[in-house]
2 protein chains.
Amino acid sequence: MFMYAVNFNRTEGRLIYKLCEARKEPIMRQKKVISDAVIERLPLYYRDLLLLQDAGIDIISSEKLGERLGITPEQIRKDLTCFGAFGKKGVGYYVSELGQQIVEIIGLQQHWKVGIAGIGHLGWALANYKTFGRLGFRTEGLFDVDHRIIGQNVGGIVVTPISEMEETIRRAGIQIGIITTPASVAQQVADQMVAGGIRGILSFAPIRLNLPPHVYVFREDLSIGLSRISYYLTNKPEQDE
Amino acid sequence: MFMYAVNFNRTEGRLIYKLCEARKEPIMRQKKVISDAVIERLPLYYRDLLLLQDAGIDIISSEKLGERLGITPEQIRKDLTCFGAFGKKGVGYYVSELGQQIVEIIGLQQHWKVGIAGIGHLGWALANYKTFGRLGFRTEGLFDVDHRIIGQNVGGIVVTPISEMEETIRRAGIQIGIITTPASVAQQVADQMVAGGIRGILSFAPIRLNLPPHVYVFREDLSIGLSRISYYLTNKPEQDE
DNA sequence: TAGATTGTTAATCGATTAACAATC
DNA sequence: TAGATTGTTAATCGATTAACAATC
């Protein structure tokens with residue numbers, strides 16, 4: 001029987017990973033926390049598997065996959081075994097099978113309905129972002145306060161007044177919210193999203209959102225990347241390195 | 001005398017941090033690697049310090065700053081001591097002084113010149129992104145292949161044909177490149193940027209760029225955030241938690 | 001069978017947390 | 001001085017790397 005330590009993920013909350021042993025015991029729900037580092041690598045694996053599939057490649061080893069992605073093969077194998085044993089010893093991983101497994105781990109087999117609040121250029125860009133669609137995210141609501149934007153058709157969706165957002169989210173069953181509004185209104189917008197029933201939010205506003213614990217918030221901070229580059233260029237290694 | 005272990009940062013390369021002791025020894029260049037985790041938190045501290053400054057607050061403790069940011073005070077103090085001792089025991093940190101210190105650590109006292117390749121909505125959004133300007137990043141070049149976009153004025157900059165990018169980068173002394181092109185041309189665009197003299201690239205293309213080791217590349221992957229949310233919503237904790 | 005590659009356990013490395021002496 | 005808060009060292013925790021037995 002497997003046993004996993006009960007851990008707590010400080011930053012992002014707790015998860016439950018269900019482990020049902022093959023032998024016929026009553027189904028056990030064992031708590032197992034997968035680290036964020038692992039979760040963030042899964043989409044990378046998945047995207048590359050899609051590319052491999054397009055290229056007609058059926059089998060890939062952790063060695064080769066790691067080479068393509070700049071990740072060590074050990075890391076890949078370790079990550080995957082958090083969720084099961086998907087490979088074949090001496091052979092490698094079946095590309096389409098592994099892809100399907102990752103889809104189910106991440107939960108992409110369902111098509112998530114996404115609403116975007118704040119249809120400036122960033123919101124506009126995200127509404128048309130191809131990779132989202134490829135991963136199964138469907139934009140089903142666009143919201144803004146600006147009457148010059150309201151009513152416009154963006155990628156097949158008409159922009160709705162943000163005053164109607166809560167109602168629209170509820171009616172359309174939108175599950176994930178993206179916030180691309182100014183920071184000053186982000187909290188208010190997030191509150192309305194939650195009121196409409198949303199439980200997962202991706203926010204581009206550079207501000208900490210205060211939301212009930214059952215809502216999962218992930219902040220995407222575009223200025224960190226540039227700051228990092230500034231740091232590395234400023235503190236670059238010496239020539240003789 | 002301080003001594004630091006010589007470490008190597010696997011993922012991002014090595015850095016040199018200069019430690020010059022107060023006592024009059026020949027200036028030592030001691031290798032010290034600051035982890036990415038620390039570097040990513042610095043801009044958060046800095047941005048909040050700016051807000052505090054705007055609010056007329058002169059002094060802040062690690063305790064209070066941590067509360068505002070959702071980071072433990074110990075973490076903040078530890079991060080800062082990677083670079084020096086900026087606080088006053090029994091008092092806290094002087095907001096503007098600490099801000100200035102962080103500016104110098106990140107290297108934001110200079111105004112970095114930024115060029116953006118691929119002026120779709122994302123590139124457009126970034127070209128007008130206020131936070132970049134506030135941190136001292138100046139957009140000085142916009143490049144695209146589409147003749148419907150070339151010649152347009154975006155936030156005061158005229159979009160230039162990408163065929164002229166290398167020359168423009170060199171002439172204008174652009175130091176940082178942002179890539180918001182389709183993945184299929186990202187490598188080519190990156191190569192041209194490097195040929196023009198750029199040594200730091202922020203790429204939004206979901207592809208691994210192959211560049212000489214002296215170029216620092218940071219990939220911003222917008223679809224990871226949504227995938228994480230999908231994972232957490234799929235594997236959410238049970239009700240009774 | 002021999003070679004290849006996984007899955008898993010153990011070792012290492014690094015980052016965060018805790019504790020507390022120093023000192024404003 | 002007493003209270004507060006930093007800077008630093010030690011303890012803990014967690015993630016990555018290494019090694020290798022299992023097995024295709």
Side-chain angles (χ1 to χ4, degrees), chain A residues 1-12 14-15 19 22 31-42 44-45 58-67 69-95 97-98 101, chain B residues 1-12 14-15 19 22 31-42 44-45 58-67 69-95 97-98 101:
Chain A
M1 200 187 80
F2 292 152
M3 279 298 297
Y4 290 97
V6 176
N7 287 321
F8 294 98
N9 185 319
R10 230 163 316 101
T11 50
E12 304 293 356
R14 283 160 281 165
L15 291 190
L19 280 177
K31 283 176 197 184
K32 184 188 176 192
V33 170
I34 313 295
S35 87
D36 278 342
V38 176
I39 305 304
E40 290 185 13
R41 282 188 294 261
L42 291 178
L44 301 183
Y45 301 156
D58 290 334
I59 294 176
I60 187 102
S61 67
S62 58
E63 183 78 33
K64 291 223 191 75
L65 188 61
E67 219 171 88
L69 293 169
I71 295 176
T72 66
E74 297 86 358
Q75 181 82 82
I76 294 174
R77 296 204 300 276
K78 196 99 213 303
D79 286 352
L80 294 176
T81 52
C82 290
F83 306 98
F86 307 127
K88 203 169 204 166
K89 295 182 183 184
V91 179
Y93 299 89
Y94 291 103
V95 171
E97 194 188 306
L98 182 57
Q101 294 284 3
Chain B
M1 199 186 82
F2 294 151
M3 278 300 294
Y4 291 97
V6 176
N7 288 321
F8 294 98
N9 184 320
R10 228 163 318 99
T11 50
E12 304 293 356
R14 282 160 280 165
L15 291 190
L19 281 176
K31 284 176 199 185
K32 185 188 177 192
V33 170
I34 313 296
S35 87
D36 278 343
V38 176
I39 305 305
E40 290 186 12
R41 282 189 295 262
L42 292 177
L44 301 183
Y45 302 155
D58 290 334
I59 295 175
I60 186 101
S61 67
S62 57
E63 182 78 33
K64 292 222 189 74
L65 187 61
E67 220 171 88
L69 293 170
I71 295 175
T72 65
E74 297 85 358
Q75 181 81 84
I76 294 174
R77 296 205 298 276
K78 196 99 216 299
D79 285 352
L80 294 176
T81 53
C82 290
F83 305 98
F86 307 128
K88 204 169 204 169
K89 294 181 183 183
V91 180
Y93 297 89
Y94 292 104
V95 171
E97 192 186 309
L98 181 57
Q101 295 284 4

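Throughout, protein chains are lettered first and strands after them, A, B, ... in sequence-line order, and every chain is numbered starting at 1.
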Does a nitrogen or oxygen in the side chain of A:Gln75 sit under 4.0 Å from OP1 or OP2 of D:dT17?
-> yes
Just how far, in rounded Å, is C1' of D:dT5 from CG of B:Asp58?
-> 17 Å
Contact nearer the 5' end of DNA chain D, comparing B:Gly90 with A:Glu74 | B:Gly90
Could you give the NZ-to-C1' distance, from A:Lys78 to C:dT8, as a whole number of Å?
-> 8 Å
With the side chain defined as heavy atoms from C-beta on, A:Lys89 is closest, among C:dT16, C:dT6, C:dA22, to C:dT6
Check the distance between D:dT6's P and B:Asp79's CG and give it to me in whole angstrom.
-> 13 Å
Determine: side-chain N/O of B:Tyr93 to OP1/OP2 of D:dG7, distance under 4.0 Å, yes or no.
-> yes
Please check the phosphate of D:dT16 (OP1 and OP2 only) for any side-chain N or O of A:Arg41 closer than 4.0 Å.
-> yes
Nearest-angstrom distance from the residue atom CD of B:Glu63 to P of D:dG7 = 15 Å
From C:dT5, D:dT8, D:dT6, nucleotide with atom closest to A:Ser61 side chain | C:dT5
Considering only C:dT8, D:dG7, C:dT16, which nucleotide approaches the side chain of B:Thr81 most closely?
-> D:dG7
Measure from the side chain of A:Lys88, starting at C-beta and using heavy atoms only, and say which of C:dT16, D:dC24, D:dT16 lies closest.
-> D:dC24
Distance in angstrom units between A:Leu65 CG and C:dT5 C1', rounded | 14 Å
Would you please confirm or rule out a distance under 4.0 Å between OP1 or OP2 of C:dT6 and any side-chain N or O of A:Arg77?
-> yes
If only side-chain N and O atoms of A:Thr72 are considered, is one of them under 4.0 Å from the OP1 or OP2 phosphate oxygen of D:dT17?
-> yes
Has B:Ser62 got a side-chain N or O lying under 4.0 Å from the OP1 or OP2 atom of D:dT5?
-> no
How many Å lie between CD on A:Glu97 and P on D:dC24, as a whole number?
-> 14 Å
